[in-house]
Amino acid sequence: MEQTARVLSQLGSKDQPSKEFQSLVRQIGEAKTKHEEDRIIKKEAALLKDKVGGRDVTKRQMREYLIRLIYCEMLGVECSWGYIHAVKFTQTGSTLDKRIGYLAASLFLHEGHELNVLLVATLQKDLKSSNMLEVSMALVSICKLVGADMIPPLLPLVQDKLLHPKQLVRKKAVMAMHRFLLLSPDSISHLEDDFRRSLSDQDPGVMEAALILFHDLIKNGPIKYKDLTESFAMILTQVIDRKLPEEFNYHGVPAPWMQMRLLRILALLGADDLRTSEKIYPVVERVIGSAECNSDIGQAISYECIKTVATIYPNNSVVSTTAKCLSRFVTSTNNDWRYLGINGLASLVQVNPKYAQEHQMVVIDCLDDPDDTLRRKTLDLLYKMTNPLNVVVITEKLIGYLRQTRDEYIRADLVSKVTQLAERFAPDNIWFIQTMNAIFELGGNLVRREVAHNLMRLIAEGTDDERTDVELRQDAVSNYIELLDKPNLPDILIKIICWVVGEYSYVLEDTDTEEILEKITRLLMRTFEDKTTTNWVVSSVTKLVARLGSMPDNVQSQVAVYLASTDTDVQQRCNELLELSQNLSMMQTVLPLDSACEDLEVDSSLSFLDDFVTQSLAQGASRYKPPHLRPAVLQRNQAPQAKEIRFEEYPMPAPPSFHRPAPLPSSPSPSPRVPRRPSEDSPLSSPTSARSQIAHSVTTAPSGSLQYAPSELSTSGIAVKTQRVWGNKGYVKEVPSVPVATPPIATTTTSPQQPVTVATREGEEGEEEGGSERSERSGESPSKPITAAGPLVSFPSMLANCMQCENYEVERQRHNRQINYT
Amino acid sequence: MIRFILIQNRAGKTRLAKWYMHFEDDEKQKLIEEVHAIVTVRDSKHTNFVAFRNFKIVYRRYAGLFFCICVDLDDNNLAYLEAIHNFVEVLNEFFHNVCELDLVFNFYKVYAVVDEMFLAGEIRETSQSKVLTQLNYLNTLD
């Protein structure tokens, strides 16, 4: 409690959060359970919602409310109604208010949030301001909130700030550029010279930021920047020589993070390139030499060096120096360092496998370490160290780990690793099949389908040696038959088993085909995740029946069940099976043994049916008519063409009433309209096009299809309730006329058959007409007509929202249909 | 690149959450809970890094608070570990022997410190003296 008192007393002076806030925090701190905490926060959120929407809220109070809002959000209660207040706060005059506003905005919003649009103008104004703090705040917010479409208006202003006299501003500007690069690399490709200038900036802080920028630029395309290698090497040398000002030292080490960043850049530049790497060797050696080995930070730099050396073109002396450095990691008692040592080993063995031998014992120890993280990293190392000699042992270890882990990411990773190892280093086929079986069993849904097919092809084609083939198949079949007894096998394994057993069960002379058939039939009763698996099972049953030479009763009844299946493929196969089983000797010719690899000859003229055809024709059946000669089609083609283009003006509409659905004329209900949403245009750029579309649908209202307008208006009422309309003074009551705009957007993109789209041509006139009609009609609607005076702000969010209501279109059609029937 | 910074106490209460990547609100809650579950079970003999989904978490425990930074898999772990330490040293200077309550009652100021030292997912400023000068200046505005 003394601590609380001390902290609270420090809070005493002006403009500290009020008593309410303090008590809130204290309550949360003392809450014993999460449940209680949730309750308190929800209460607070509700309270804030009331207060914040109120009329006379002073700036000071608003500041506090915003801070409390941040607190609520941080503790997990969503307060999206409050975001707009944060945005509005950024637009006020005072710097302090702006600061809170920007802080809140950058915490609440994210890139792509609809309210970002409101911030763009404010950001531009603040970027141009002469107050350095405002510029900085704007830049910081840009780094968090900007999306790719917001870059163009802000880019030139940020570019100016690259040359600002204050280094703080320059630094932030560079970071903003970095953010732009990550979002859309093309937008800043013309600013290369500016970046190079920032690199050689006087202030090392700006230079460091430029390094980050270059790191990502180089990641995208190293070739262009190879000429900068020497500059980077020189900078690194200067850093080690302690040429930078004192303040960059961290516990005695000069600018460690900068060193690490430079090392990574050099690694990217020198990869696979001997000449560039030659420039890098001396400086890397120096860095290794000067890094202190007792502190964490020194080791961090060493580790980075190891990674760099492993990436660039190998040079023996440098690599051996690095290896010595590495042994310090691996042999230490600090778990962190051992972990990094394992990592470093993994990258070094790619270069030269002999280093792994030295530290073998340590690696084996790490495998059994109680720390899970270390164990996983060691597995990673083992994977990289695999060669044909140790592949069996290593795969065993990996599979063992796969058996006991639950984490999905690790499992997917391990499955792919083992598959790769097996495919690359398998000592013989039998081992390969066994390993793949284990993998399928443990992680079947994570394996790619091609792997299964490869396996099956391997068994089918085999090698040139007949005897090993037979052995292979025998082994495979006996394994699979055993596996059949296990419950819950993954689908992909079932498929393989069925196919192999179906094709090759004959190689095992001592098994009872009837038993196998029994087991496979039992599989039929399971439902599978993948529907096609049933097909495989049925095919397998077919082959086994052919081989057996008789059709047992239970098989018959099972298959008959599937005859009624909704899947046509399964039905067809079952039918085939049942038909064929009537004539078993033919079945055996049709499904010969060991013919998986033979090609099928197909007689495409179906000449074997000729007798049947001549017979039927003689009995009076009609000849085949190709489609274009059939009577139904002929009639349709002679029907009158679609309605012609109408050139006369539509008559003036009679004002219908709003919310009563008008009785429909006899015109058919609207054919399924494809609600193509104009989602390609960003809401910002399409208000004009949207408005012209609006006008059309309104214009078409009077010309028949009366069902459109009133029902839209009435159903639009449904959609309206969720929208919010912003005005100068905060919330404004719902405006039914406003969203009339939005629904008809779908209708105007209907099929060209209807006269609707004709009006598209007469865009401008339609708008005028539409405006006057609307105001005529808007007897009930409040005073906001949808002309340019309407709040532009409301459009994007509404459009965005409306375009997201998938159900809306369906609802509307259903409503229309209902109206039809009343 | 940093994905998020999280300060939690041993009971799992969030003292600060700064996100450099977009997550939905319910995802954020789940992440917070997962991180808490992973980090509190580890004792001091374990490494300070954990694999987490397809990222990794570099964390350190100071008294009753866990400072966690979630970074990409190929980032240098020790670098971020030291960045955490740097950050804590700055907090210490700024609040004069910082304790958990300082962070609780002045959480908005803590955000300012975070923004000074980390920006757009990267380490921005490492010089403690510079950060402190800037923060004191900002304080005078209040």
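Side-chain atoms are counted along with the backbone in the values below, which use heavy atoms only and exclude waters and symmetry mates. Protein chains get the first letters and strands the later ones, always in sequence-line order, with residue 1 at the start of each.
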| task | Measure distances from A/K377 to the heavy atoms of chain B and classify the residue's part below 4.5 Å as side chain, backbone, both or neither. | result |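 Answer is neither: A/K377 stays 4.5 Å or more from chain B.
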
Q) Is it the side chain or the backbone of A/R264 that comes within 4.5 Å of chain B heavy atoms, both, or neither? A)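 Contact with chain B: side chain only.
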
Review point. Taking the six-membered ring for Trp, are B/F49 and A/Y339 parallel (under 30°), tilted (30 to 60°) or perpendicular (over 60°)?
Key: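 Geometry flag for A/Y339 against B/F49: tilted rings.
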
Heavy-atom distance under 4.5 Å to chain A: side chain of [X], backbone, both or neither?
| X | value |
| --- | --- |
| B/D43 | neither |
| B/D115 | side chain |
| B/D26 | neither |
| B/A112 | side chain |

Rounded to the nearest 0.5 Å, what's the gap from [atom1] on [X] to [atom2] on [Y]? Could you check?
| X | Y | atom1 | atom2 | value |
| --- | --- | --- | --- | --- |
| A/M258 | B/T126 | CE | OG1 | 6.5 Å |
| B/Y20 | A/C143 | OH | SG | 10.0 Å |
| B/R124 | A/L168 | CZ | CG | 6.5 Å |
| B/Y80 | A/M260 | OH | CE | 9.5 Å |

Donor-acceptor under 3.5 Å (A/W257 side chain, B/A79 main chain)
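Yes: the side chain of A/W257 pairs with the backbone of B/A79.
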
*Okay, side chain of B/N76, backbone of A/Y303: is any donor-acceptor separation there less than 3.5 Å?*
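Such a contact is absent between B/N76 side chain and A/Y303 backbone.
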
- request: Could you check which of B/N48, B/N9, B/I123, B/L16 has the highest count of heavy-atom pairs closer than 4.5 Å to chain A?
  value: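 Option with the greatest count: B/N48.
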
For chain A, which of B/K56, B/K28, B/H85, B/R53 has the most heavy-atom pairs under 4.5 Å?
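The option with the most such pairs is B/R53.
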
Can you give me the closest heavy-atom contact between [X] and [Y], atom names plus distance?
| X | Y | result |
| --- | --- | --- |
| A/K172 | B/E116 | NZ-OE2, 4.2 Å |
| A/D336 | B/T47 | OD1-CA, 3.0 Å |
| A/L133 | B/Q134 | CD2-NE2, 4.3 Å |

Heavy-atom pair count under 4.5 Å with chain B, highest-scoring of A/L182, A/V140, A/I212
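Top count of heavy-atom pairs under 4.5 Å with chain B: A/I212.
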
Exercise. Between A/R261 and B/E122, is a salt bridge (Lys or Arg N to Asp or Glu O under 4.0 Å) present by the stated rule, with each step listed?
Worked result: CA-CA 11 Å; A/R261 179 79 57 180; B/E122 303 287 347; 2.9 Å; yes

message: So if I apply the side chain to side chain donor-acceptor pair (under 3.5 Å) rule between A/Y250 and each of B/E82, B/E89, B/Q128, which one comes out positive?
response: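 Of the listed residues B/E82, B/E89, B/Q128, the side chain to side chain donor-acceptor pair (under 3.5 Å) partner of A/Y250 is B/E82.
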
Would you check if A/K171 and B/E125 make a side-chain contact, meaning some heavy-atom pair closer than 4.5 Å?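 Yes - at least one pair of side-chain heavy atoms lies under 4.5 Å apart.
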
